[in-house]
Protein chains: 2
Amino acid sequence: MTVSGSGPSATPTVRDVAEHAGVSPMTVSRTLSGGKNVRAEVQEKVWAAVEELGYHRNENARSIRPGHSSGLIGVAITNLGNPYYGQFALGVEEVASLHGRRIMLGNTGEQLARESQLVSDFIGRQVEGLIVVPTGEGAEHLTPGRLGSVPLVLASRTVEGLDADTVLLDDINGAYEATKALIDGGHTRIGFLGNVLSVSTARRRYEGFVRALHEAGLEPDPALIRRGQQDVAAARRAMEELLGLDDPPTAIFSANNRNTIGALQAIGTRQKDGPAIPAPTLVGFDDVELADMLQVPLIIVSHDPRQLGAQAARMLFDRLDDPEMDESPRLVELPVTVGTLRG
Amino acid sequence: MTVSGSGPSATPTVRDVAEHAGVSPMTVSRTLSGGKNVRAEVQEKVWAAVEELGYHRNENARSIRPGHSSGLIGVAITNLGNPYYGQFALGVEEVASLHGRRIMLGNTGEQLARESQLVSDFIGRQVEGLIVVPTGEGAEHLTPGRLGSVPLVLASRTVEGLDADTVLLDDINGAYEATKALIDGGHTRIGFLGNVLSVSTARRRYEGFVRALHEAGLEPDPALIRRGQQDVAAARRAMEELLGLDDPPTAIFSANNRNTIGALQAIGTRQKDGPAIPAPTLVGFDDVELADMLQVPLIIVSHDPRQLGAQAARMLFDRLDDPEMDESPRLVELPVTVGTLRG
DNA sequence: GGCGGTACTGGTAACGATATCAGTGCACTT
DNA sequence: AAGTGCACTGATATCGTTACCAGTACCGCC
């Protein structure tokens with residue numbers, strides 16, 4: 001009595017199928033790979049055995065053979081709970097699916113250590129490529145020495161000291177145009193809400209913000225600048241602080257959708273509870289569902305995160321399909337649209 | 001001259017590391033698995049070689065060895081673009097991460113064929129378990145015969161004819177309570193917006209809706225029932241139809257967040273363009289970001305999709321950790337909260 | 001000196017799938 | 001009749017890894 005009995009609960013292998021169909025494992029393999037050079041009659045027996053045993057080819061075993069690849073793309077994002085990244089992942093998934101690849105998705109929670117661990121694990125699982133929305137604080141785990149020959153595309157954010165294919169939004173111009181719209185509307189006391197400076201989008205959007213101010217002969221007022229809010233709750237508190245100032249800003253630039261939503265909540269509470277102070281005009285980067293329904297002066301710097309994901313995936317597959325292509329990293333900046341004032 | 005030259009671009013293997021460190025592959029393997037029974041001095045050499053070559057253990061190769069599992073959980077959801085499912089995936093990911101597993105995420109786009117293909121592929125990649133938000137139209141690809149010994153948890157929706165571990169929301173009571181709130185508010189002409197009937201949540205929420213009507217001696221009015229809207233645009237059109245009726249409903253029950261947003265958009269447009277007709281009271285299943293900021297009468301049937309994902313993952317790991325557990329499928333219904341009327 | 005134990009190291013054989021090579025049998029040409 | 005080509009099939013070796021077994025060296029103890 002052998003230990004490797006063909007117990008019904010064990011996952012069936014080619015050998016089991018072969019035995020069941022009365023052929024060799026090779027014939028099973030050939031049948032599953034298209035059936036070239038296998039008699040139709042034999043193929044039928046094989047398929048019947050496959051059906052009966054509930055056999056599935058072991059892709060992991062296949063992938064260790066030379067020349068064969070895993071068909072997996074590793075995707076590391078910072079916060080799946082943000083609808084923005086759900087759309088992003090959808091864009092990646094759609095393009096990957098077109099190329100016959102699956103995605104492995106990991107969430108870093110904005111933590112460098114988890115990002116590093118995730119990337120290492122992805123490579124161990126033989127992903128063919130990586131798409132990473134980096135926390136931005138460290139580059140070492142993403143260097144070519146660590147990744148070997150696995151191509152990498154950075155999305156949405158850059159990493160200091162790392163030269164890799166990157167797809168960004170036109171953060172600077174978007175922030176510039178949006179801030180300019182506020183200035184053109186007569187605002188001079190403009191506040192700023194943004195996330196931590198280690199994130200490149202925060203820096204770039206701040207840069208556009210300041211550029212517009214300077215161009216109008218204005219200086220950013222440190223008292224009106226709040227940076228470092230990574231979630232809605234923190235953003236709300238920061239906005240409440242600004243609203244509570246003796247001389248509050250008449251307009252706010254919010255650098256991402258978490259901050260925009262927090263700011264809107266703060267405004268909402270204040271309008272409900274306090275005296276009828278006119279709400280500050282808000283301009284926010286990133287789309288927000290239902291933003292157009294609000295009774296608040298609001299400009300949205302709009303873009304399509306799904307396209308961002310799709311573009312990142314396309315850049316990755318460019319390299320996968322043509323490994324000989326020019327090695328110098330490419331940078332793509334996707335356009336953004338500055339909405340018109342409402343409310 | 002051998003073909004398998006240790007070219008620098010090729011992914012390094014244990015053998016390469018072993019050669020580099022002047023030891024056998026076994027010693028490398030032992031070092032990487034904790035270093036038991038390997039001299040500290042030798043371990044250092046091994047780690048140095050690992051570092052220098054940028055070696056990563058091939059998890060796929062490991063996973064084909066007996067007794068070793070892949071550490072992967074397959075997650076199939078219907079629409080990653082819906083923030084609801086981003087939160088859901090986050091909940092799954094967090095719990096999986098606690099158990100040392102990664103998730104493979106696939107998007108079905110509400111298409112049965114893609115769901116079936118996805119599940120088959122997941123099994124081929126040796127996932128240890130499956131979490132599926134089913135389209136609900138077919139059960140065959142999810143039967144034990146097809147899945148072998150891979151445990152399955154259905155989330156959010158059921159599949160007719162399939163008995164599996166399932167975690168749902170308390171759809172029926174949620175819809176019942178919400179509809180009752182409308183009736184208690186004096187409404188008798190209540191419209192219904194929902195997605196296709198093949199989705200079990202649509203059926204269950206409709207059931208709760210009808211139950212509340214019947215209890216109050218009312219009948220659902222076919223002219224006010226719109227079902228089958230799977231996205232925001234379709235929901236908006238359906239709501240516009242209802243608003244355009246000669247005798248429009250004074251209240252609307254919306255069975256999910258896509259329909260709620262579409263309905264809100266229709267209301268918004270009408271308030272902007274048309275005469276100042278009072279907006280119908282809206283009650284919507286699923287949370288919507290910023291819903292509390294709107295100037296529209298709105299009740300939300302609220303719940304936490306992240307918890308739903310976490311619960312699904314926990315139910316899966318219950319089985320993985322204890323394969324001997326009672327085989328009969330478990331059903332969990334998570335509570336929902338009916339918000340108070342605002343606006 | 002011999003014995004048993006322990007710490008360390010490496011050779012070998014699998015895991016599941018398949019590329020390669022070596023057939024076998026049959027039809028068809030010359 | 002002999003040769004040629006083709007369609008089909010299977011035995012073998014291999015991918016990267018590690019469990020298992022078989023050492024080897026060295027220690028302490030009688």
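Below, read A as the first sequence line, B as the second, and so on, with proteins coming before strands; counting in each chain starts at 1. For the numbers below, each heavy atom of this structure counts, side chains included, while hydrogens, waters and symmetry mates do not. Computed from a predicted structure; not experimentally measured.
Contact record, N60(B) with I64(A): C-CG2, 4.2 Å, taken as the closest heavy-atom pair. The shortest heavy-atom contact between H56(B) and S120(A) is ND1-OG, 3.4 Å.
Note on V42(B): only backbone sugar-phosphate atoms sit closer than 4.0 angstrom, heavy atoms only; bases stay farther off. Among the protein residues, R57(A) comes within range of the sugar-phosphate backbone only, with heavy atoms under 4.0 Å from sugar or phosphate atoms but none that close to a base. Residue contacts for R30(B): at a heavy-atom cut-off of 4.0 Å it reaches a base atom on one of the strands shown. The residue N58(B) sits close only to the backbone: its heavy atoms come under 4.0 Å of sugar-phosphate atoms, none of a base.
Residues R101(A) and F317(A) form a side-chain contact, since some pair of their non-hydrogen atoms from C-beta on lies under 4.5 Å apart.
In this structure, R15(A) atom CZ and dA11(D) atom P are separated by 12 Å, rounded to whole Å. Here the C1' atom of nucleotide dC8(C) and the NZ atom of K36(B) are 13 Å apart, to the nearest Å. Protein atom CZ of R125(A) is 18 Å distant from nucleotide atom P of dG16(D), rounded to whole Å. What separates CZ of R62(B) from C1' of dG16(C) is a distance of 17 Å, to the nearest Å. If you measure from atom CE of M26(B) to atom P of dA19(D), you get 7 Å, rounded to the nearest angstrom. The CG atom of N37(A) sits 13 Å away from the C1' atom of dG10(D) (whole-angstrom rounding). For the pair E19(B) CD and dG11(C) P, the computed distance is 13 Å after rounding to whole Å. Regarding I64(B), its CD1 atom lies at a distance of 4 Å from the C1' atom of dC15(C), rounded to whole Å.
The rotation axes computed at either terminus of the helix from dG1(C)-dC30(D) to dT30(C)-dA1(D) lie 60° apart, taking five pairs at each end and rounding to 10 degrees.
Between T13(B) and dG16(D) there is no side-chain polar atom (N or O) within less than 4.0 angstrom of OP1 or OP2. Here T27(B) reaches the OP1 or OP2 of dG10(C): one of its side-chain N or O atoms lies under 4.0 Å away.
Nearest nucleotide to the S24(B) side chain, out of dG11(C), dT18(D), dC15(C): dG11(C). Considering only side-chain atoms of P66(A), the nucleotide from dC15(D), dC15(C), dG10(D) that sits closest is dC15(D).
Salt bridge absent: R314(A) and D318(A) never bring a charged side-chain N and a carboxylate O closer than 4.0 Å. Between E110(A) and R157(A) there is a salt bridge, with a side-chain nitrogen of the basic residue lying less than 4.0 Å from a carboxylate oxygen of the acidic one.
For the pairing with V153(A), the side chain to side chain contact (heavy atoms under 4.5 Å, CB included) check across R319(A), Q311(A), M315(A) returns one residue only, M315(A).
Under 3.5 Å, the side chain of R65(B) and the base of dG16(C) form no donor-acceptor pair of N or O atoms.
Proximity of a side-chain donor or acceptor of R114(B) to a complementary backbone N or O of N107(B) within less than 3.5 Å is detected.
With sequence neighbours left out, V150(A) forms a side chain to side chain contact (heavy atoms under 4.5 Å, CB included) with V127(A), L130(A).
Sequence order on DNA chain C of the closest nucleotides to A61(B) and G22(B) puts G22(B) first from the 5' end.
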